[in-house]
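Below you'll find the structure, written out as structure tokens, and then a few comments.
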Number of protein chains: 2
Amino acid sequence: MFKEEQIIKICKQNKWRLTEPRLEVLRIISHSKNPIKAYDILKKLANKIKNPKPPTAYRAIQFWQKHNFVHRIESLNAYQACSHGHSHAGAQFLICDDCGKVIESNLHEIPEILKKNTENKTFKPLRWNLEINGLCNQCS
Amino acid sequence: MFKEEQIIKICKQNKWRLTEPRLEVLRIISHSKNPIKAYDILKKLANKIKNPKPPTAYRAIQFWQKHNFVHRIESLNAYQACSHGHSHAGAQFLICDDCGKVIESNLHEIPEILKKNTENKTFKPLRWNLEINGLCNQCS
DNA sequence: TTTTTTATGTAATAATATAACATACAATAT
DNA sequence: ATATTGTATGTTATATTATTACATAAAAAA
């Protein structure tokens with residue numbers, strides 16, 4: 001959703017330090033068609049930074065996750081750029097079992113339902129992650 | 001949800017082979033208060049089986065997952081016994097960030113919402129996993 | 001300019017999971 | 001009963017994913 005310039009601006013506005021490894025990791029994730037794994041990020045990072053080690057990739061991933069520009073797809077151990085603005089408490093992903101494409105989808109009703117259903121059980125929901133497997137229109 | 005005898009019966013009915021490692025792994029997962037990790041299962045399994053190796057645990061876990069008696073909590077890399085009968089295409093988990101307890105919850109509305117929202121986008125949902133983090137009533 | 005905080009570099013290792021192949025066992029067919 | 005076939009296990013090795021720990025560097029604040 002965000003272009004690089006926008007992200008740079010947002011970082012400046014919030015005084016988040018936009019270092020080289022962070023910027024390069026964001027670019028790698030953003031330019032990846034499908035969710036990308038940490039060690040594949042690391043491999044690509046080696047084209048930009050001399051002999052990067054796992055913590056370099058993981059730290060940058062965490063930074064972007066924290067600010068909601070990158071999501072982790074739990075069932076894939078992989079990371080994808082956020083496509084719905086950078087602030088939300090929960091996300092929904094449609095994962096194509098065939099081509100591996102992941103569509104981030106905002107089901108706006110979910111939060112209401114969560115509240116209704118979980119507060120009845122006196123559970124206080126703070127964030128959620130919904131991963132839906134199936135077939136995308138290209139593959140079905 | 002199921003007691004051991006019921007599960008034994010169901011296995012016999014379906015001609016699923018209920019071997020020792022499978023039974024012991026099921027017991028370990030069932031008796032665990034919170035979701036349990038594969039290598040913790042393996043450690044406990046060592047009390048029952050001589051020097052078990054990772055594949056022994058993982059194979060048994062997979063067997064029970066396949067038949068929906070055990071779920072994997074993706075965000076925890078951990079496994080928990082199913083509490084809602086052994087046949088459903090999707091599951092919802094309320095994960096307490098404080099005590100680690102995980103409540104399996106059937107939000108019956110979810111499937112309808114999924115269908116509405118995903119078929120609009122011509123994505124065919126087959127199964128889903130919803131993990132909701134928050135605070136349980138004990139901890140909030 | 002000094003101090004403090006935050007980020008990175010690097011080596012080591014922890015935690016999670018699977019591949020490959022030999023052996024054993026159970027179910028089925030003969 | 002026995003041979004055949006398919007399924008499960010035992011075992012070694014290794015792949016994959018992620019973190020700890022500590023030294024150094026850079027930026028921000030005092």
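Order of the sequence lines sets the chain letters (A, B, ...), proteins ahead of strands, with each chain counted from 1. Only a predicted model underlies this, so the values are computations on that prediction, with no experimental measurement involved.
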Protein-nucleotide distance ([X], atom [atom1]; [N], atom [atom2]), rounded to Å:
X       : N      : atom1 : atom2 : result
A:Leu18 : D:dA28 : CG    : P     : 12 Å
A:Arg22 : C:dT6  : CZ    : P     : 11 Å
B:Ile49 : D:dG10 : CD1   : P     : 6 Å
B:Asp40 : C:dA14 : CG    : P     : 16 Å
B:Glu74 : C:dT16 : CD    : C1'   : 12 Å
A:Ile61 : D:dA18 : CD1   : P     : 8 Å
A:His67 : C:dT6  : NE2   : C1'   : 12 Å
A:Lys50 : C:dT8  : NZ    : P     : 17 Å

* Taking 4.0 angstrom as the limit, do A:Asp40 and A:Lys43 come out as a salt bridge? -> yes
Can you find a side chain N or O atom of [X] that sits less than 4.0 Å from OP1 or OP2 on [N]?
X       : N      : result
B:Lys37 : C:dT16 : yes
B:Arg59 : D:dA8  : no
B:Tyr58 : C:dA17 : yes
A:Thr19 : C:dT8  : yes
B:Thr56 : D:dT9  : no
A:Arg72 : D:dA18 : yes

* To do: Look at all strands and tell whether B:Pro52 reaches a base, only sugar-phosphate, or nothing, counting heavy atoms closer than 4.0 Å.
  => nothing
* Counting any heavy atom closer than 4.0 Å, what does A:Phe63 reach on the DNA or RNA strands: base, sugar-phosphate only, or nothing? -> nothing
* Does one hydrophobic cluster hold both A:Ile95 and A:Leu130, with members joined at side-chain heavy-atom distances below 4.5 Å? -> no
* To do: Kindly say whether the aromatic ring centers of A:Phe93 and A:His71 come within a distance under 6.0 Å.
  => yes
* Map B:Leu76 and B:Lys15 onto DNA chain C by nearest heavy atom, then report which one ends up closer to the 5' terminus. => B:Leu76
* **From D:dA27, D:dG10, D:dT19, nucleotide with atom closest to A:Pro55 side chain** => D:dT19
* Asked: Quick one: which of D:dA18, D:dT9, C:dT10 gets closest to the side chain of A:Lys53?
  -> C:dT10
* To do: Answer yes or no: side-chain N or O of B:Tyr39 and base N or O of C:dA17 forming a donor-acceptor pair under 3.5 Å.
  => yes
* Structure fact -> Contacts of B:Arg17 and B:Asn77 projected onto DNA chain D by closest heavy atom; the upstream (5') one is B:Arg17
* **Modelled atom types, side-chain donor and acceptor of A:Asn77 and A:Arg72, under 3.5 Å** => yes
* Side chains of B:Ser75 and B:Glu131: is there a donor and an acceptor less than 3.5 Å apart? -> yes
* Residue among B:Phe69, B:Tyr58, B:Trp16 satisfying ring-ring contact (aromatic ring centres under 6.0 Å, His included) with B:Trp64 -> B:Phe69
